[in-house]
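The structure displayed is predicted, hence computed values, not measured ones.
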Amino acid sequence: MSSHGGGVEQGFAAGTSIAAALLLLVVGVVSILQGISAIATDELFVVGAEYIFELNTTTWGWIHLIVGILVVITAFALISGATWARFTAIVLACLSIVANFLWLPYYPMWSILIIALDIVVIWAVSTWDPDR
């Protein structure tokens, strides 16, 4: 019996890809909500120390909204099995990490949560092997 192409391996690969796509979808939806919230109200609940990379919350809102929409589109493409979606998912998750790193001064716990989800998405997408 061959060690490649087994039912368990195929199931694991499919499960990993679906989990990555669903996590990516969650990250995208949360980014969209985060963006809408920042655009709708240009006020912060918690104002921390001033940082060098400071933008107003409306600008951050548009950044999060655009990245979130792109992430959701990519998540649906990943679910449908589009080959370009794997690379795009990793790139967008990296962009989301950078955007949330820069958002840290405003909402640190929220940003850390999204960064952690992005790292899991990158791992899941990059380790998934559709040929197994």
Side-chain angles (χ1 to χ4, degrees):
M1 190 183 295
S2 171
S3 64
H4 292 8
V8 173
E9 290 174 355
Q10 286 292 326
F12 182 74
T16 302
S17 67
I18 291 173
L22 292 177
L23 278 174
L24 195 65
L25 184 63
V26 168
V27 168
V29 169
V30 168
S31 291
I32 289 170
L33 294 175
Q34 186 176 7
I36 290 170
S37 173
I39 292 168
T41 2
D42 199 21
E43 299 176 11
L44 296 171
F45 295 119
V46 179
V47 178
E50 305 249 344
Y51 289 89
I52 292 174
F53 42 85
E54 185 176 331
L55 296 173
N56 68 25
T57 53
T58 303
T59 304
W60 279 117
W62 282 107
I63 291 169
H64 286 290
L65 182 64
I66 291 167
V67 170
I69 290 169
L70 293 173
V71 166
V72 167
I73 291 168
T74 304
F76 282 119
L78 195 60
I79 290 170
S80 71
T83 54
W84 60 268
R86 292 184 65 205
F87 175 76
T88 306
I90 293 170
V91 169
L92 288 174
C94 289
L95 284 175
S96 177
I97 287 172
V98 170
N100 280 286
F101 174 76
L102 296 174
W103 186 249
L104 270 170
Y106 304 104
Y107 290 107
M109 296 308 286
W110 185 263
S111 295
I112 290 169
L113 173 68
I114 300 303
I115 289 170
L117 283 174
D118 284 329
I119 290 169
V120 171
V121 165
I122 291 169
W123 171 82
V125 171
S126 63
T127 58
W128 172 56
D129 183 8
D131 296 330
R132 289 195 310 181

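Side-chain contact check for Trp62 versus Leu65: some heavy-atom pair is nearer than 4.5 Å.
Atom CD1 of Ile115 and atom CH2 of Trp110 lie 13.0 Å apart (nearest 0.5 Å). How far OG1 of Thr59 is from CD1 of Ile39: 9.5 Å, rounded to the nearest 0.5 Å.
In this structure, Thr74 contributes its side chain and Leu70 its backbone to a donor-acceptor pair below 3.5 Å. At distances below 3.5 Å, not a single donor-acceptor pair connects side-chain atoms of Ser111 with backbone N or O atoms of Pro108.
Closest approach of Leu78 and Ala20 over heavy atoms only: CD2-C, 4.3 Å. Taking every heavy atom of both residues into account, Ala99 and Trp60 meet most closely at O-CZ3, 3.8 Å.
Of the residues Ile119, Val121, Asp118, Ile122, the one that meets the side-chain contact (heavy atoms from CB on, under 4.5 Å) test with Cys94 is Ile122. Put simply, the residue from Asn100, Ile36, Ile69 that forms a side-chain contact (heavy atoms from CB on, under 4.5 Å) with His64 is Asn100.
With sequence neighbours excluded, no residue forms a side-chain contact (heavy atoms from CB on, under 4.5 Å) with Leu113.
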Can you list, pair by pair, the side-chain donor-acceptor contacts under 3.5 Å of residues 24-33, counting residues two or more places apart and other chains?
residue : atom : partner : partner atom : Å
Ser31   : OG   : Val27   : O            : 3.0

